[in-house]
Structure formats: structure tokens, C-alpha cells
Amino acid sequence: MHDAPAPETDPTVGELSEAEVLRRIAARTGRAAAAHVGPGDDAAVVAAPSGSVVATTDTLVHGPDFRLAWSSGYDLGWKAAAVNLADVAAMGARPTALLVALAMPNDTRISFVERLADGLREACDALAPGCAVVGGDLTVSATLTVAVTALGDLEGRDPVLRSGARPGDVVALAGELGMAARGLAVLFGRFRDADGAPVPVDPGRVAAGESDALAAQLRPVPPIGLGPMAAVAGATAMMDVSDGLGLDARRMADASGVSIDLDRAAFGDDPVTALAGGEDHALLATFAGDAIAPGFRPIGRVVERGEAPVLVGGLPYAGAGGWDPYRDWDSAAG
């Protein structure tokens with residue numbers, strides 16, 4: 001982490017004009033390869049060679065989605081990009097552009113905004129080369145909010161939907177399960193004060209094995225490039241595992257009218273966290289026969305629809321299995 005600039009050289013957004021804040025953001029976010037018209041006009045113009053555009057939106061709100069005591073501006077920009085890129089990849093598409101809307105308190109430092117822009121750019125460069133921010137919006141709000149719309153190109157392929165899984169298909173996963181949930185447990189368990197308010201992470205109190213878990217929570221690295229590869233390999237269904245495998249596998253099973261039987265041995269020593277932990281942003285896919293795309297590993301089979309949409313080792317999975325903001329968000333819990 002870089003030291004924060006001195007206040008006299010680091011004005012707040014309330015001390016600058018909207019045009020100046022936009023200029024500073026645009027100077028740091030790069031240019032999308034597919035953009036015919038980028039930031040600066042009323043709307044961007046992005047090429048869609050296949051004739052179809054994949055579009056998705058995800059919003060990060062201070063409180064239920066991140067805490068400034070734990071996330072830097074760079075972390076927030078990276079995560080805002082990564083979670084949206086994962087949804088595009090889950091359709092089998094290549095991400096092409098991001099639109100970013102920022103609602104910020106007047107006292108937000110411009111250095112924070114610039115580092116957020118750096119995180120957006122570097123996440124795109126690392127996870128989806130050629131993708132970049134092409135526009136967005138700024139407004140003032142008492143609650144810091146980052147809303148991102150991601151666009152993608154199917155490159156002539158059909159989209160891979162949640163509804164295509166068929167009995168006999170192999171269920172496969174690309175990415176890790178449970179790491180982000182472990183990171184969140186470290187944050188809530190160790191970095192809050194006596195009143196439950198978040199406090200900054202002290203690296204000296206983080207064990208070697210916990211650093212990766214914190215990184216998975218604060219700066220996720222979804223396997224974006226494997227989404228299009230799965231589509232080319234013939235994936236019959238696919239989705240981003242953002243709310244926990246148990247819950248997202250249920251969504252795929254319900255959409256496809258099947259049951260999904262997960263292999264108990266695929267989840268190691270901590271099946272509860274693997275199934276119920278959210279924000280993994282792994283890719284869950286099904287493939288006919290055993291033609292699994294590179295980078296995916298088998299974790300189960302699709303079976304005929306039974307009473308339970310998800311089974312683990314042939315037994316019904318009864319857990320809630322993931323994150324539901326309306327059920328699980330507790331504003332009093334730190």
C-alpha cells in the first residue's frame with residue numbers, strides 16, 4: 001500500500017468539479033480495444049462483431065458489499081471489475097467494456113478515486129485484456145456505491161445458459177471454493193473493535209495461510225478466459241458461482257429441470273465452507289459425456305430431477321448454501 005498523500009495535495013471530490021474528477025478517472029482507465037467511441041460523449045460506442053451483446057450489472061455498496069476499513073480504493077476497483085467480468089465469462093463471452101457509475105460522499109479523497117480507477121484498469125488488463133472502462137456516471141451520495149455494467153461479445157457462439165444441463169452431463173468447476181469466505185471470516189473475526197466496527201487489517205496478525213484467503217475476498221481472480229474456452233468445448237450450461245456453490249448449483253438445477261449430484265470428495269476437509277461460502281466467482285459448468293474444457297475439474301454429475309435439486313454424494317443437500325442479501329445482511333454486525 002502507498003502512503004496517503006498529504007491533504008493539501010489530495011483534495012476531496014467535493015472540492016473539485018465533476019469534469020475534473022472525470023478527467024482524472026479517464027486518464028487512468030485505459031482504452032477498450034472494441035471501443036469506437038470512449039469516454040467523453042453522451043454514450044460510448046462499442047463494437048459487437050458477432051451481432052449480439054452480453055450485458056450484466058453488479059453493484060457494490062459500502063456496508064453489505066465492502067468496508068472501507070478493509071478495502072483500499074484499488075481493492076474496490078479491482079473487485080468491482082472482477083465480479084462483473086465473471087458474469088460475462090459465465091455466458092461464454094469475451095468481456096469488451098465496462099461502464100462505471102460512482103456515487104460518493106463529498107469528502108472522498110481524489111487519491112482514493114484515482115486508485116479505484118487503477119484497480120479497474122489493472123483488473124481488466126490482468127483478467128480480460130482489451131477490456132476497459134468506456135464511460136459511466138458520477139453523483140454524490142452519503143453511501144459510497146460502485147455500480148458496474150459489463151459488456152461482452154459472443155464471437156459468433158451461442159450463449160451458454162444455466163438451463164442447458166441434461167442428465168448424464170458431468171458437472172465441472174474452474175476456480176477455488178471457500179477461500180473468499182475464509183477471508184471474510186478472518187476480517188469479521190479479527191479486525192473489528194469492541195463495538196463491532198471494522199478496523200484496518202494489521203498484517204502482523206495475519207497468518208501465512210490466511211493471506212491468500214484475504215486476497216480472494218478483497219481482490220478476487222476469477223478464471224475469466226476459461227468461460228469462452230468452455231463454450232468452445234461445448235459446455236451445455238454454465239454460471240458464475242458468486243453466492244455459494246450450494247445455492248448456485250440449485251439455481252442451475254432449477255433452470256435446467258434436473259438435479260445435480262455433487263461429489264463429496266471434491267470439497268476436501270471443509271465441505272460446509274465450500275458449499276456455502278460466497279464470492280468465489282468460480283465457473284460452474286456442465287459438459288456432455290466427459291469432454292471437459294481445459295482448466296475445469298469434475299465435481300459431480302447431472303441426474304434426473306428428484307425431490308432435491310442438489311445432492312451431495314447421493315444425499316439431499318438441505319443447507320441454505322450461500323448468500324442472500326435480503327436474508328443474511330445484518331447492518332448491526334460490524
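Starting from 1, each residue takes its place in the sequence as its number. Quantities reported herein were computed from a predicted structural model and do not represent experimental measurements.
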N/O donor-acceptor pairs under 3.5 Å from side chains in residues 84-103, not counting sequence neighbours:
| unit_1 | atom_1 | unit_2 | atom_2 | d |
| --- | --- | --- | --- | --- |
| N84 | OD1 | D58 | N | 3.1 |
| N84 | ND2 | A80 | O | 2.8 |
| R94 | NE | E155 | OE2 | 2.8 |
| T96 | OG1 | L151 | O | 3.2 |

- Query: Do L311 and S259 have side chains that get closer than 4.5 Å, going by heavy atoms?
  - Reply: yes
- Message: Between D153 and S50, is the side-chain hydrogen bond (donor to acceptor under 3.5 Å, both in side chains) condition met? List the steps.
- Response: CA-CA 7 Å; D153 180 31; S50 70; 2.7 Å; yes
- Query: Short question: side chain of K79, backbone of Q217 - any donor-acceptor pair under 3.5 Å?
  - Reply: yes
- Query: Are the side chain of S256 and the backbone of M252 linked by a donor-acceptor contact shorter than 3.5 Å?
  - Reply: yes
- Backbone N/O of P105 and side chain of S141: donor-acceptor pair under 3.5 Å: no
- Working for salt bridge (charged side-chain N to carboxylate O under 4.0 Å, His left out), residues R109 and E114: CA-CA 9 Å; R109 293 287 177 187; E114 290 174 334; over 6 Å; no
- Message: Donor-acceptor pair, distance only, cut-off 3.5 Å: does the side chain of D193 make one with the backbone of D195?
- Response: yes
- Residue pairs involving residues 160-175 (criterion side chain to side chain donor-acceptor pair (under 3.5 Å); sequence neighbours excluded): D169-T236
When the side chains of residues 143-150 are checked against the rest of the protein, which donor-acceptor pairs come out under 3.5 Å, sequence neighbours left out?
| unit_1 | atom_1 | unit_2 | atom_2 | d |
| --- | --- | --- | --- | --- |
| T145 | OG1 | T143 | O | 3.3 |
| T149 | OG1 | T57 | OG1 | 2.9 |

- Within a strict 4.5 Å, meaning less than it, do heavy atoms of the V310 and L247 side chains meet? no
- With distance as the sole test, does W78 use its side chain to make a donor-acceptor pair with the main-chain N or O of L120 at under 3.5 Å? no
- Message: Rounded at 0.5 Å granularity, tell me how far SG in C131 sits from CZ in R31.
- Response: 13.0 Å
- Contacts of type salt bridge (Lys or Arg N to Asp or Glu O under 4.0 Å), residue D158, not counting sequence neighbours: none
- Query: Taking only residues two or more places apart in sequence, or in another chain, which ones meet A230 in a side chain to side chain contact (heavy atoms under 4.5 Å, CB included)?
  - Reply: A235, M238, F287, A293, F296
- Message: Can you list everything that forms a salt bridge (Lys or Arg N to Asp or Glu O under 4.0 Å) with D212? Sequence neighbours excluded, please.
- Response: none
- Item | Pairs involving residues 292-303, ordered by first then second residue, that meet side chain to side chain donor-acceptor pair (under 3.5 Å) (sequence neighbours left out) | D290-R301
- Query: When you measure from the side chain of R23 to the backbone N and O of A19, does any donor-acceptor pair fall under 3.5 Å?
  - Reply: no
- Could you pull out all residues at least two apart from D270 that satisfy side chain to side chain contact (heavy atoms under 4.5 Å, CB included)? R182, V272, T273
- Query: Of all heavy-atom pairs between A174 and P223, which one has the smallest distance, and what is that distance?
  - Reply: O-CG, 3.5 Å
- Message: Quick one: does any side-chain atom of S71 pair with a main-chain N or O of L68 as donor and acceptor, under 3.5 Å?
- Response: no
- Item | Inter-residue atom distance L76.CG - W70.CH2, 0.5 Å rounding | 14.5 Å
Identify all side-chain donor-acceptor contacts of residues 34-46 below 3.5 Å with residues at least two apart in sequence or on another chain.
none

- Give, for atom OH of Y317 and atom CG of L245, the distance between the pair rounded to the nearest 0.5 Å. 8.0 Å
- side-chain hydrogen bond (donor to acceptor under 3.5 Å, both in side chains) partners of E176, counting only residues at least two apart: none
- Query: Closest heavy-atom contact between I292 and A172?
  - Reply: CG2-CB, 4.0 Å
- Message: Considering only residues two or more places apart or on different chains, which pairs with a residue in residues 116-130 satisfy side chain to side chain donor-acceptor pair (under 3.5 Å)?
- Response: R28-D118, Y74-E122, R115-D118, D118-R121
- Please examine the side chains of L177 and F267, heavy atoms only from C-beta on, and report whether any two atoms are closer than 4.5 Å. yes
- Note on the structure: Between L127 and A82, the two heavy atoms sitting closest are CD1-CB, 3.9 Å
- A165 and A237 have their tightest heavy-atom pair at N-CB, 3.5 Å
- State, yes or no, whether a side-chain contact exists between D243 and E279 at a heavy-atom distance under 4.5 Å. no
Show which side-chain atoms of residues 199-207 pair as donor or acceptor with protein atoms under 3.5 Å away, not counting sequence neighbours.
| unit_1 | atom_1 | unit_2 | atom_2 | d |
| --- | --- | --- | --- | --- |
| D202 | OD1 | G204 | N | 2.9 |
| R205 | NH1 | R190 | O | 3.3 |
| R205 | NH2 | R190 | O | 3.2 |

- Message: Count I, L, V, M, F, W, Y as connected when their side-chain heavy atoms are under 4.5 Å apart, and connections chain through other members. Are V258 and L284 then in the same cluster?
- Response: yes
- Any link between I299 and V303 through a network of hydrophobic side chains (Ile, Leu, Val, Met, Phe, Trp, Tyr) touching at under 4.5 Å? no
- Item | Exam field: side chain D263 to backbone G300, donor-acceptor pair closer than 3.5 Å | no
